[in-house]
Amino acid sequence: MLDVNYIREHTNVVKQGMLNKGEKNSAVVDEVLEVDEKWRSMVQKVDELRNESNTKAKEIGNLMSKGKKEEAQKVIQHTSKLKEKLKGLEEELRALKSTRDDLLLRIPNVPHESVPVGHSEEENQVYHTWGEPYDKEWRKPHWEVVEEAGWIDFERGAKVAGAGFPFYVGPIALLQRALINYFLNKATEHGFTEIQAPYFVNEDSARGTGQIPDKEDMMYVIPRDELFAIPTAEVPVTNFHRDEIVEEDQLPLFYVAYTPCWRREAGSYGKDVRGLNRLHQFDKVELVKIVHPDRAYDELESLREYAESLLQDLNLPYRTLLMCTGDMGFTQTKKYDLEVWSPGQSRWLEVSSCSNFGSFQARRMQLRYRDEKGKIRILHTLNGSGLALPRVVAAILETYQQEDGQIKVPRVLQPFMGREYL
RNA sequence: GGAGAGAUGGCAGAGUGGUCGAAUGCGGCGGUCUUGAAAACCGUUGAGGCCUCGCGGUCUCCGGGGGUUCGAAUCCCUCUCUCUCCGCCA
């Protein structure tokens with residue numbers, strides 16, 4: 001959520017940002033300002049009446065304590081009328097405020113000036129590429145590998161839960177565990193505090209990180225208990241400090257969490273979702289940074305570099321994209337995607353996305369800090385995957401495939417697995 | 001799941017219808033004293049909105065929401081959470 005005062009002072013920036021992000025029109029910005037204007041003038045009116053009513057109430061108290069009942073009675077008559085008037089106005093005030101806030105939630109975050117303007121994924125910039133994308137040669141796509149070896153059971157997954165909920169069997173289960181451990185260990189060494197988070201969150205948390213109202217259809221909902229299955233650890237972890245005021249000397253706050261992630265992925269089909277390319281449940285190690293506003297963009301770069309270092313460690317060729325305004329999403333100001341090369345499919349697969357949210361999430365969740373002058377300010381939040389497992393596994397199965405069909409274990413994972421081949 | 005108790009400022013803890021945004025203690029900050037520190041003493045110390053260039057004014061907030069009343073931290077309803085006991089259980 002943007003600050004309404006910011007919108008008032010930078011109306012055109014907000015509107016342009018909205019259009020650049022692919023919204024059809026920016027009329028909602030004017031609506032917000034109009035409603036806010038009404039709300040503010042109403043606040044003054046109501047406050048004046050309340051002031052009068054408070055003053056009279058005290059007067060009554062005074063008269064009563066002195067035993068002047070009749071005089072008090074007169075004042076009470078007056079305030080009773082006042083109260084009636086107030087009731088209606090307060091109702092209106094409340095309605096205006098909730099209208100304003102609903103509208104406010106529909107305005108996306110403003111892209112940073114360094115973000116390329118564009119409407120679709122074709123206009124994303126290739127920030128850089130690392131390693132040589134391998135030729136397919138004799139390599140099979142990962143789904144053939146795992147099917148032949150019996151390592152991932154999609155069919156039984158479909159029987160037991162549904163499509164997109166696979167079983168990982170034997171060496172692949174071990175490989176995933178190794179990846180998770182490796183990712184967590186490395187993040188911890190880099191100053192991230194590991195936390196284990198709830199896998200279900202309430203509505204306030206979903207709103208705090210911006211899944212509601214923009215992306216509610218992505219989440220699995222448990223209506224009976226009013227809970228949402230987390231689509232990413234970003235949600236519980238960023239909300240960890242919701243409604244808190246952090247002392248400045250505690251900053252920055254870096255967290256890492258492994259969780260499963262659940263996404264409905266409505267409308268997906270075809271070769272894009274083959275094998276491990278897209279699942280309803282997958283594992284991910286997520287990094288969250290809560291930082292001083294001045295530090296946010298530097299922290300985004302170091303977050304991106306850190307996520308890249310994981311792919312370098314695994315020796316998997318990848319490329320980094322700087323997302324254009326139209327492909328970036330509602331809540332971000334700037335975002336990088338990391339895509340690993342899948343030689344079995346001859347295509348890039350997204351395995352990480354590193355974003356700066358500015359104050360957008362923190363304002364929603366009243367996540368603040370006290371600066372050295374004692375003033376309370378909104379923090380900035382960032383997050384990045386480090387990394388999402390299934391596509392990394394797919395890339396390993398294809399990249400580390402030997403000509404005889406064996407799969408080598410990446411060097412950095414061998415200590416976690418105690419073997420050289422799957 | 002059943003029965004009971006509770007939720008107050010950074011923390012502890014008073015306050016049961018009027019002058020309470022809230023005693024007191026601890027903590028924090030500033031000062032006196034000291035070569036420096038501690039102790040002691042004095043002062044100060046919640047958040048948010050609106051108006052204002054500023055001084056300042058004003059409103060709201062005592063777990064969340066709603067109600068009674070001229071007036072609510074205090075009374076009523078409801079939800080959430082915490083604690084104790086019982087039951088169930090990885």
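Chain identifiers are assigned alphabetically (A, B, ...) following the order of the sequence lines, protein sequences preceding nucleic acid strands; residue numbering begins at 1 within each chain.
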Need to verify one output field. Residue with the more 5' nearest nucleotide on RNA chain B, I245(A) or Q44(A)? I245(A)

Strictly below 4.0 Å: does N54(A) bring a side-chain N or O up to OP1 or OP2 of U60(B)? yes

L338(A) and Y127(A): CA distance, side-chain angles, deciding distance, side chain to side chain contact (heavy atoms under 4.5 Å, CB included) verdict: CA-CA 10 Å; L338(A) 272 52; Y127(A) 188 75; over 6 Å; no

Give a yes or no answer on whether the side chain of N239(A) reaches the backbone of R242(A) with a donor-acceptor pair at less than 3.5 Å. no

Would you please say whether a donor-acceptor pair under 3.5 Å links the side chains of D102(A) and T99(A)? no

Could you check F154(A) against V146(A) for side chain to side chain contact (heavy atoms under 4.5 Å, CB included), going step by step and ending with a plain yes or no? CA-CA 10 Å; F154(A) 290 99; V146(A) 297; 4.2 Å; yes

So which one's nearest nucleotide on RNA chain B is more toward 5', Q77(A) or R40(A)? R40(A)

Rounding to the closest angstrom, what is the interatomic distance between U69(B) and U74(B) at atom P? 16 Å

Among the candidates G18(B), G48(B), C59(B), find the nucleotide nearest to the side-chain atoms of I376(A). G48(B)

G-U wobble or Watson-Crick pairing nucleotide for C41(B) (cut-off 3.5 Å, both distances): G31(B)

Between R50(A) and G57(B), is there a side-chain N or O to OP1/OP2 distance below 4.0 Å? no

Watson-Crick or G-U wobble partner of A22(B), both distances under 3.5 Å: none

Counter-base of A7(B), judged by Watson-Crick or G-U geometry with both distances under 3.5 Å: U80(B)

Distance-only polar pair, side chains of Y182(A) and D313(A), donor-acceptor under 3.5 Å: yes

If only side-chain N and O atoms of N51(A) are considered, is one of them under 4.0 Å from the OP1 or OP2 phosphate oxygen of U58(B)? no

Pairing nucleotide - U60(B), Watson-Crick or G-U, each distance under 3.5 Å: A47(B)

If the cut-off is 4.0 Å, is K83(A) near the phosphate of G71(B), judged by side-chain N/O to OP1 or OP2? yes

Would the base of G18(B) count as contacting N62(A) through its side chain, where contact means a donor and an acceptor less than 3.5 Å apart? no

Side chain of K87(A): nearest nucleotide among C59(B), G71(B), U68(B)? U68(B)

Among the candidates U58(B), G48(B), G71(B), find the nucleotide nearest to the side-chain atoms of A57(A). G71(B)

Under a 3.5 Å limit for both distances, which nucleotide forms a Watson-Crick or G-U wobble pair with G87(B), could you say? none

Between R370(A) and G46(B), is there a side-chain N or O to OP1/OP2 distance below 4.0 Å? no

Sticking with atom P, work out how far G71(B) lies from U60(B), rounded to a whole angstrom. 12 Å

Mind checking if L82(A) touches a base, just sugar-phosphate, or nothing, with heavy atoms under 4.0 Å? nothing

In whole Å, what separates the P atom of U82(B) from that of C61(B)? 26 Å

Under a 3.5 Å limit for both distances, which nucleotide forms a Watson-Crick or G-U wobble pair with U74(B), could you say? none

